[in-house]
Protein chains: 2
Amino acid sequence: MNLATNTKIRMTRQRQQILDHLSSVKTHPIADELYQMVRQQMPRISLGTVYRNLEILSDSGIIQKIDVGGTQKRFDADISNHAHIRCVKCGCVGDLDVHIDVDFEDAARKACDFEVLRHRLEYSGICPDCKDKKAVLM
Amino acid sequence: MNLATNTKIRMTRQRQQILDHLSSVKTHPIADELYQMVRQQMPRISLGTVYRNLEILSDSGIIQKIDVGGTQKRFDADISNHAHIRCVKCGCVGDLDVHIDVDFEDAARKACDFEVLRHRLEYSGICPDCKDKKAVLM
DNA sequence: ATTGTATATAGTAACGATTTCTATTATCAT
DNA sequence: ATGATAATAGAAATCGTTACTATATACAAT
């Protein structure tokens, strides 16, 4: 497992900005959120450029694309394999360092005829902010 | 946990057909696939009707909507909580009866400030059909 | 069985996220 | 500095899904 594939990717100002912004946050922004961030520095950047670069960066293994349900893909500069939790109220996504000492892939191999590659553990719940809001409203 | 919420839903011919078709397959069809199936019996059914009914049926707890990554939502008449595996080649989705004896929610509660509600375990791999195809091509 | 009313329908238009297209511009090895 | 290749901005296209609207249907009360 190498972090980046051996394809050398050209580093453009746009790509660097996108990567910098993504690295600087611990949220898991969607493409449009990154577009808004980068636009502060590069007002003329195109939304298409953001999408294309997020694709290229995740294909290269430099960032990861996370698909936690909902309609939009999210991105994470932390490529370690960690679980995520999505707030059912506001849709925000947080990291989760759960260490469950189980060989998930092995368990699955015994239960189906697929060639099992990987697993993903995803949680849903209510984030601290929405918990507070709910308390106020009640 | 009740199977259906207490809202009584009106049973139309269209809704019944959709439910019947979904119950008769062990794949996890997307809305358009169900549309094609039902169209055999009801050529004039609208795709919008299929979408609306799948929404209503899953809201009522009669079926479940599954979000296994990819761009389309899938549906399952089996409402038991089981894991799914998605083929990275063809996108098909299979059931997986893995029994991992771990309290996932509890593990997560210790790792974040969210009010943890539920978890979802999803696998990716290569389905038997695509395994064969790959073997042939190599 | 007939009626009334709330809900569902077909068909179509609108929507939002993402991808594609194309002419121009930038990167980087030479 | 130059040239080949890849990336860009901007716009249009695509695709899954949802919303809209006039008509039709289900079902409870009569």
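Chain letters run A, B, ... following the sequence lines, proteins first, then strands; residues in each count from 1.
- Using a distance-only test at 3.5 Å, with no hydrogens or angles considered, no donor-acceptor pair links the side chain of B/R74 to the main chain of B/V68.
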Practice item. Would you mind building the protein contact string for nucleotides 2-17 of chain D? One character per nucleotide, 5' to 3', B for base within reach (heavy atoms under 4.0 Å), S for sugar-phosphate only, - for untouched. Key: ---BBSBBB-----SB
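- A side-chain N or O of A/Q41 and one of A/H21 form a donor-acceptor pair less than 3.5 Å apart.
- Taking CD1 from B/I79 and CD1 from B/I66, the interatomic distance works out to 13.0 Å, rounded to the nearest 0.5 Å.
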Practice item. Run the numbers on A/L121 and B/H119 for side-chain contact (heavy atoms from CB on, under 4.5 Å), then give the verdict. Key: CA-CA 7 Å; A/L121 181 56; B/H119 79 278; 4.0 Å; yes
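- The footprint of chain A on DNA chain C, defined by a heavy-atom cutoff below 4.0 Å, extends from C/dA17 to C/dC28.
- B/V98 and A/Y123 fall within the same hydrophobic cluster, defined by Ile, Leu, Val, Met, Phe, Trp and Tyr side-chain heavy atoms under 4.5 Å apart, directly or through other members.
- The closest donor-acceptor contact from the side chain of A/R120 to the backbone of A/D67 lies under 3.5 Å.
- Defining each end axis of the helix from C/dA1-D/dT30 to C/dT30-D/dA1 as the rotation carrying four pairs' C1' atoms onto the next four, with five pairs an end, the two axes are found to diverge by 40° to 10 degrees.
- In the hydrophobic clustering of ILVMFWY residues, with side-chain heavy atoms under 4.5 Å counting as a link, B/I45 and B/I63 come out together.
- At most 12 non-hydrogen atoms from other residues, nucleotides or ligands lie less than 6.0 angstrom from CG of B/N81.
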Review point. After noting the C-alpha distance and the side-chain angles of B/Q14 and B/V38, does the key distance pass the side-chain contact (heavy atoms from CB on, under 4.5 Å) rule?
Key: CA-CA 8 Å; B/Q14 291 83 342; B/V38 177; over 6 Å; no
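- Residues A/H28 and A/R86 fail the side-chain proximity criterion, which asks for heavy atoms closer than 4.5 Å.
- Going from atom CD of B/Q16 over to atom P of D/dC27 covers 10 Å, rounded to whole Å.
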